[in-house]
Participant: 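I have a structure here, written as structure tokens, and I will follow up with some questions on it.
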Amino acid sequence: MVQCSSPRLDRSFAALSDATRRGIIVQLGQADASITSLADRFEMTLTGMKKHVDVLERAGLVVTHKAGRVRTCRLGPRGLRAEAEWIELHRTLFEDRYAALDAVISEINQEGSDGSAG
């Protein structure tokens with residue numbers, strides 16, 4: 001049985017599978033923000049925004065700090081390095097496969113234009 005499970009990557013990719021959560025990452029890339037201001041920007045309830053922030057926080061992508069009644073969010077310190085490395089590895093594998101396929105197609109086309117069979 002092939003094991004491809006990585007709890008950290010599973011949580012990150014699951015968190016990033018939602019457009020609102022990706023939007024929160026974009027917003028926090030520009031500046032830290034309170035949950036209230038994020039809820040206003042995304043036109044959603046505080047409860048709804050808190051659920052999104054909790055998912056991002058459990059994935060380690062966002063950290064929060066509570067001062068009084070205000071909970072401020074910022075990007076997590078670990079970033080997306082492990083996720084980017086996983087994507088880059090598999091992007092390269094795909095490119096290599098397509099390059100090999102292109103070579104085979106070129107060879108077949110070349111043989112067809114020469115009138116010779118391989």
Participant: Rounded to the nearest 0.5 Å, what's the gap from CZ on Arg97 to NE2 on His90? Could you check?
Facilitator: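 Reported to 0.5 Å precision, the distance equals 11.0 Å.
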Participant: For the salt bridge (Lys or Arg N to Asp or Glu O under 4.0 Å) test, which of Arg58, Lys51, Lys50 pairs with Asp54?
Facilitator: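 For Asp54, the salt bridge (Lys or Arg N to Asp or Glu O under 4.0 Å) check succeeds only for Lys50.
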Participant: Check which hydrophobic residues are tied to Val53 through side-chain heavy-atom contacts below 4.5 Å, counting indirect links as well, and list them.
Facilitator: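 Members besides Val53, by chain and number: Leu16, Ile24, Ile25, Leu28, Ile35, Leu38, Phe42, Met44, Leu46, Met49, Leu56, Leu61, Val62, Leu75, Leu80.
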Participant: How long is the span from the CD atom in Glu95 to the CG atom in Asp102, to the nearest 0.5 Å?
Facilitator: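 Here the rounded value is 11.0 Å.
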Participant: State which residues pass side-chain contact (heavy atoms from CB on, under 4.5 Å) with Arg8; sequence neighbours excluded, sorted by chain then number.
Facilitator: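 If we apply the side-chain contact (heavy atoms from CB on, under 4.5 Å) test to Arg8, skipping adjacent residues, the hits are Ser6, Arg11, Arg78, Ala82.
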Participant: Determine, step by step, whether Tyr98 and Leu93 satisfy the side-chain contact (heavy atoms from CB on, under 4.5 Å) criterion, reporting the C-alpha distance in whole Å, the side-chain angles of both residues, the deciding distance to 0.1 Å, and the verdict.
Facilitator: CA-CA 9 Å; Tyr98 286 122; Leu93 292 173; over 6 Å; no
Participant: Got a sec, which residues hit side chain to side chain donor-acceptor pair (under 3.5 Å) with Glu57, two or more places apart in sequence or on another chain?
Facilitator: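 Per chain and number, Glu57 pairs via side chain to side chain donor-acceptor pair (under 3.5 Å) with Thr64, Arg71.
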Participant: Could you pull out the closest heavy-atom pair between Thr45 and Ala39, with the gap in Å?
Facilitator: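 Smallest interatomic distance, heavy atoms only, reads O-CB, 4.0 Å.
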Participant: Has the side chain of Ser17 got a donor or acceptor atom that lies under 3.5 Å from a matching backbone atom of Ala14?
Facilitator: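 It does hold such a pair.
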Participant: Quick one: side chain to side chain donor-acceptor pair (under 3.5 Å) partners of Thr20, sequence neighbours excluded?
Facilitator: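 With sequence neighbours excluded, Thr20 shows a side chain to side chain donor-acceptor pair (under 3.5 Å) to no residue whatsoever.
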Participant: Kindly give the heavy-atom pair with the smallest separation between Ser12 and Ala59, and that separation in Å.
Facilitator: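 Residues Ser12 and Ala59, closest heavy atoms: OG-O, 3.8 Å.
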Participant: Given 3.5 Å as the limit, does a donor-acceptor pair link the side chain of Arg21 with the main chain of His52, or not?
Facilitator: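 A pair under 3.5 Å: no.
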Participant: Is it the case that over 12 heavy atoms from other parts of the model lie below 6.0 angstrom from the CZ atom of Arg41?
Facilitator: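 Enclosed: over 12 neighbouring heavy atoms sit under 6.0 Å from CZ of Arg41.
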Participant: Looking at residues at least two apart in the chain, or sitting in another chain, which of them share a side-chain contact (heavy atoms from CB on, under 4.5 Å) with Glu88?
Facilitator: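 Scan of Glu88 (side-chain contact (heavy atoms from CB on, under 4.5 Å), adjacent residues dropped) gives Arg91, Thr92.
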Participant: Connecting only ILVMFWY residues whose side-chain heavy atoms lie within less than 4.5 Å of each other, what is the rest of Ile108's hydrophobic cluster?
Facilitator: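 Answer for Ile108: Val104.
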